[in-house]
Amino acid sequence: MHDDGTGLTPLRGRARDAIAAAWVRAVAAGTLPPAPTGTDLPPVEVERPANPEHGDLATGLAMKLARPYRMPPLRIAEALAAELAREAGAPGSPIASAAVAPPGFLNLRLSDAALEGLVAGVLASPGAWGRVAAPTPRRVNVEFVSANPTGPLHIGNARGAFVGDLLCRVLEAAGHEVTREYYFNDFGAQVRNLGASVVAIRRGTEIPDDGYRGAYVHDLAAEIPGDVWAAAEAAGGDASGAVAADDGGAGGRDAAWLVGAWASERVRAGIEASLATLGVRFDVWKSEGSLYREGWVERAVARLRESGHLFEEDGALWFRSTDYGDDKDRVVRKSNGDFTYFGSDIGYVVEKFGRGFDELVYIWGADHHGTVARLRNAAAAMGFDREAVQMLLIAWVRFVRDGVEVSMSKRAGEFITLDELLAEIGVDAARWFFAARGHTSGIDFDIELAKRQSNENPVYYVQYAHARIASILRKARDAGLEPAAGVAPGSLAAATPEGALARALARLPEVVEDAAAARETQGVTAFATDLATQFHAFYRDARVVDPAEPERSRSRLALVRATQVTLARALGLLGISAPASM
RNA sequence: GCGCCCGUAGCUCAGUGGAUAGAGCGUCAGGUUGCGGACCUGAAGGUCGUGGGUUCGAGUCCCGCCGGGCGCGCCA
């Protein structure tokens with residue numbers, strides 16, 4: 001990674017390159033020995049020291065080289081520092097100085113020119129700031145939510161929706177091509193079950209024991225279009241009795257089936273609308289039925305058979321998942337001829353890779369962890385790269401209202417819908433809440449507490465900084481002052497308010513890289529909070545709009561404007577609005 | 001029983017093997033005649049569940065134990 005001339009190249013990457021080059025030169029100069037053969041050498045890693053006195057960037061490379069080189073780490077660090085010092089200050093070098101510190105750290109200072117160039121780059125191309133070029137761009141399919149359309153989304157679905165969308169935004173910013181995908185069951189027993197419930201209500205008969213009961217089911221019953229109902233009545237069928245548990249959707253097209261098909265599509269459209277209010281939109285809505293109609297399941301079965309990992313037993317068709325370390329084999333097609341969910345899933349894998357994706361990401365609830373191994377194993381058995389099939393298991397949110405757990409059951413009709421949650425706490429606060437937490441930790445979400453504390457959500461702190469900057473820029477314009485194209489040379493010294501703010505905002509691309517690599521977004525919220533804090537501190541210490549000092553004002557306005565752009569980009573990564581006033 | 005995840009400040013949670021473990025909220029004490037007080041400064045508050053191990057270095061990696069969640073169907 002060398003500077004591309006826009007000024008937007010991540011400084012951390014440039015520093016990494018400079019250290020790697022210094023290493024090569026030190027070997028050439030003889031101050032470091034050639035790499036020992038047969039030893040794995042550590043990669044060059046650069047971090048931001050927690051203590052600013054240690055510099056802007058640091059590497060522990062010398063300590064990691066001590067063993068293979070059989071040299072004291074301080075001596076290695078000194079050899080690297082000497083090479084870095086040789087080119088420090090040269091045009092184009094991001095490094096101003098390098099210092100060693102026990103037990104072997106190599107601490108770096110960024111050059112003024114690199115920081116100044118970066119601020120100018122942000123102002124010149126704000127739309128490109130925060131987008132990084134992936135070393136190997138990938139086409140990624142991210143499948144998430146995928147709740148069956150048998151009822152409205154409830155707040156238990158919220159976390160997956162937000163985590164999935166956040167991941168997509170981060171992957172896109174990191175240079176990957178992302179498709180957002182929603183997979184839904186459109187013909188199985190549950191859809192039929194929904195239909196039976198709606199039919200029962202319409203007829204005034206009793207709802208089946210395992211039917212659906214929420215208010216929305218009654219709404220559906222009242223809204224059945226005339227032609228659908230006429231067809232259902234003509235088809236007949238006993239919809240009041242229990243649906244055969246293992247019917248698997250293979251039953252006839254009776255009233256329950258016909259009404260269920262209509263109702264589930266109606267519910268699906270409602271889900272799509274709810275997700276849109278969250279700022280979550282999907283590129284592809286994929287129905288399970290289409291995987292069969294288009295032959296993908298049969299193709300998957302054929303691939304497994306060719307690879308020799310399929311067998312028949314007790315009249316069923318099995319995938320020998322134990323060949324890949326699973327603890328048991330898995331049924332693909334039941335003895336009654338119906339495929340299992342697993343059968344649909346492997347067909348879907350073939351279909352997705354057929355569309356040219358490099359990676360398939362699944363965002364599942366934690367209760368699905370038992371199905372991870374079998375699907376990855378099947379992908380491997382079908383000749384795909386097991387590593388290209390990845391599952392993110394989202395830990396449960398335990399919803400609580402004033403200390404009492406709120407149960408979520410679609411069939412019992414007991415749940416808080418997503419729409420209700422958002423009406424209570426707002427999309428921006430909800431997005432921040434989930435973005436700031438790792439997806440593997442369980443969360444207690446007290447709705448009353450969230451309502452009470454929504455004004456104290458850090459999201460408003462960040463938005464406030466953005467709005468405050470907008471106000472400053474308005475005030476400056478009224479005073480006849482516009483931001484300069486960049487900051488004044490020499491104005492970003494480390495110990496100054498300007499220097500601290502510039503160093504904070506410069507991290508954005510690194511934050512994007514790290515978030516995409518880790519598939520986590522907490523780094524983005526932490527970054528946004530830190531940048532807002534740095535801005536408020538700067539605002540306290542440095543007067544921005546001062547008609548008596550127009551040049552200094554224009555320089556500071558440039559830095560403030562770059563900060564605003566960075567805050568807006570970070571909020572955009574989170575799908576959160578960046579208001580000009582609030 | 002086996003498998004996966006979790007255990008960090010009073011609460012909710014961060015913490016790519018690095019230097020003195022952080023943030024928000026809560027508690028306590030302060031600050032603005034200069035551009036938005038939804039702001040700022042400071043204080044108190046921690047055996048990182050526990051015991052070993054690896055490492056120059058462990059909240060982070062490995063093993064055991066304790067506690068909690070989830071899963072272990074020809075269900076969906």
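Quick note on labels: first sequence line is chain A, next is B, and so on, each numbered from 1.
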**OP:** Anything below 3.5 Å on both distances counts as a pair; with that, list the stems of at least three consecutive Watson-Crick or G-U pairs involving RNA chain B.
**Re:** B:1-7 with B:66-72, B:10-13 with B:22-25, B:27-31 with B:39-43, B:49-53 with B:61-65
Subject >> Centroid separation H466(A) to F535(A) less than 6.0 Å >> reply: no
**OP:** Find the distance between CZ (R519(A)) and CG (L166(A)) and round it off to the nearest 0.5 Å.
**Re:** 14.0 Å
**OP:** Would you kindly give the OH-to-P distance between Y461(A) and rC25(B), to the nearest whole Å?
**Re:** 9 Å
**OP:** Can you see which heavy atom on A435(A) is nearest to which on T525(A), and at what distance?
**Re:** CB-CG2, 3.8 Å
Original post:
Hey, does Q463(A) reach any base, or is it just sugar-phosphate, or nothing, if we go heavy atoms under 4.0 Å?
Top reply: nothing
Subject >> Nucleotide nearest Q522(A) (side chain, heavy atoms from C-beta), chosen from rA19(B), rC74(B), rA14(B) >> reply: rA14(B)
**OP:** Select one nucleotide: of rC13(B), rG34(B), rA19(B), the one nearest the side-chain heavy atoms of R543(A).
**Re:** rG34(B)
**OP:** Mind checking G438(A) for me? I need base, sugar-phosphate or nothing, with any heavy atom below 4.0 Å counting as a touch.
**Re:** sugar-phosphate
Original post:
Between rC35(B), rC13(B), rA76(B), which nucleotide has the shortest distance from any of its atoms to the side chain of I443(A)?
Top reply: rC13(B)
Original post:
Ion pair present between R330(A) and D326(A), side-chain N to carboxylate O less than 4.0 angstrom?
Top reply: yes
Original post:
Side chain of V545(A): nearest nucleotide among rA76(B), rC35(B), rG34(B)?
Top reply: rC35(B)
Subject >> Among rC35(B), rA19(B), rA23(B), the nucleotide that comes nearest once only the side chain of T529(A) is considered >> reply: rA23(B)
Subject >> Nucleotide nearest P458(A) (side chain, heavy atoms from C-beta), chosen from rG24(B), rC35(B), rU41(B) >> reply: rG24(B)
Original post:
Does a side-chain N-to-carboxylate-O contact under 4.0 Å join E47(A) and R12(A)?
Top reply: no
Original post:
Out of rG37(B), rA19(B), rA76(B), which has the shortest distance to the side chain of Y341(A)?
Top reply: rA76(B)
Scan nucleotides 70-72 of chain B against the protein and return all N/O pairs shorter than 3.5 Å with their distances rounded to 0.1 Å.
from: rC70(B); atom 1: O2'; to: A366(A); atom 2: O; distance (Å): 3.4
from: rC70(B); atom 1: O2; to: H369(A); atom 2: NE2; distance (Å): 2.7
from: rC72(B); atom 1: O3'; to: K328(A); atom 2: NZ; distance (Å): 3.3
from: rC72(B); atom 1: O2'; to: K328(A); atom 2: NZ; distance (Å): 2.8

Subject >> Spacing of the P atoms in rC62(B) and rC6(B) (rounded, Å) >> reply: 11 Å
Original post:
Which of these nucleotides, rC35(B), rA14(B), rG18(B), is closest to any side-chain atom of P103(A)?
Top reply: rG18(B)
Original post:
Between H536(A) (NE2) and rA38(B) (P), how many Å, whole number?
Top reply: 10 Å
Original post:
Side chains of N193(A) and T150(A): donor-acceptor distance under 3.5 Å anywhere?
Top reply: no
Original post:
rU20(B) base to N51(A) side chain: any donor-acceptor pair below 3.5 Å?
Top reply: yes
Original post:
Given the P atoms of rG64(B) and rA76(B), what is the spacing between them in whole Å?
Top reply: 36 Å
Original post:
Side chain of V331(A): nearest nucleotide among rG15(B), rA19(B), rC74(B)?
Top reply: rC74(B)
In residues 370-377 of chain A, what donor-acceptor pairs under 3.5 Å come from side-chain atoms, sequence neighbours left out?
from: T371(A); atom 1: OG1; to: H368(A); atom 2: O; distance (Å): 2.7
from: R374(A); atom 1: NH2; to: G370(A); atom 2: O; distance (Å): 3.1
from: R376(A); atom 1: NE; to: V389(A); atom 2: O; distance (Å): 2.7
from: R376(A); atom 1: NH2; to: R386(A); atom 2: O; distance (Å): 3.2
from: R376(A); atom 1: NH2; to: V389(A); atom 2: O; distance (Å): 3.4
from: N377(A); atom 1: OD1; to: R386(A); atom 2: NH1; distance (Å): 2.3
from: N377(A); atom 1: ND2; to: S321(A); atom 2: OG; distance (Å): 3.1
from: N377(A); atom 1: ND2; to: A373(A); atom 2: O; distance (Å): 3.1

Subject >> Interatomic distance at C1', rA9(B) relative to rU47(B), whole Å >> reply: 14 Å
**OP:** Would you classify V524(A) as touching base, sugar-phosphate or nothing, given that sugar-phosphate means primed atoms plus P, OP1 and OP2, and contacts are heavy atoms under 4.0 Å?
**Re:** nothing
Original post:
Aromatic ring centroids of F434(A) and H439(A) under 6.0 Å?
Top reply: no
**OP:** Using whole Å, report how far CG of D326(A) lies from C1' of rC2(B).
**Re:** 12 Å
Subject >> Distance in angstrom units between M63(A) CE and rG18(B) P, rounded >> reply: 10 Å
**OP:** Remember a base hit wins even if backbone is also touched, and classify A542(A) as base, sugar-phosphate or nothing at under 4.0 Å, heavy atoms.
**Re:** base
Subject >> Ring center gap for Y182(A) and F144(A) short of 6.0 angstrom >> reply: no
Subject >> Salt bridge E78(A)-R75(A), side-chain N to carboxylate O under 4.0 Å >> reply: no
Subject >> Nucleotide rC39(B), atom C1' - distance to CG of D541(A) in whole Å >> reply: 13 Å
**OP:** Respond yes when some side-chain nitrogen or oxygen of R67(A) is under 4.0 Å from OP1 or OP2 of rC56(B), and no when none is.
**Re:** yes
Subject >> Atom pair distance, as rounded to whole Å: CZ in F535(A) and P in rA38(B) >> reply: 14 Å
Subject >> Nearest-Å distance for atom pair CG/P, residues L57(A) and rA19(B) >> reply: 16 Å
Original post:
How is D314(A) classified with respect to the nucleic acid when contacts are heavy atoms under 4.0 Å: base, sugar-phosphate, or nothing?
Top reply: base
Subject >> Nearest-Å distance once atom C1' is located in both rU12(B) and rG53(B) >> reply: 33 Å
Original post:
Is there a donor N/O on one and an acceptor N/O on the other, under 3.5 Å, for the side chain of T440(A) and the base of rC6(B)?
Top reply: no
Original post:
Ion pair present between E482(A) and R477(A), side-chain N to carboxylate O less than 4.0 angstrom?
Top reply: yes
**OP:** Could you tell me whether the side chain of N107(A) has a donor or acceptor atom within less than 3.5 Å of a complementary atom in the base of rA19(B)?
**Re:** yes
Original post:
Mind checking the C1' distance from rA38(B) to rU20(B)? Whole angstroms is fine.
Top reply: 32 Å
Subject >> Criterion salt bridge (charged side-chain N to carboxylate O under 4.0 Å, His left out) against D56(A), the qualifying member of R14(A), R503(A), R48(A) >> reply: R503(A)
**OP:** Would you mind classifying the nucleic acid contact of A476(A) as base, sugar-phosphate or nothing, using non-hydrogen atoms under 4.0 angstrom?
**Re:** nothing
**OP:** Let me know the distance between CD of Q534(A) and C1' of rC40(B), rounded to the nearest Å.
**Re:** 13 Å
Original post:
Nearest of rC40(B), rC35(B), rA19(B) to any side-chain atom of R540(A)?
Top reply: rC40(B)
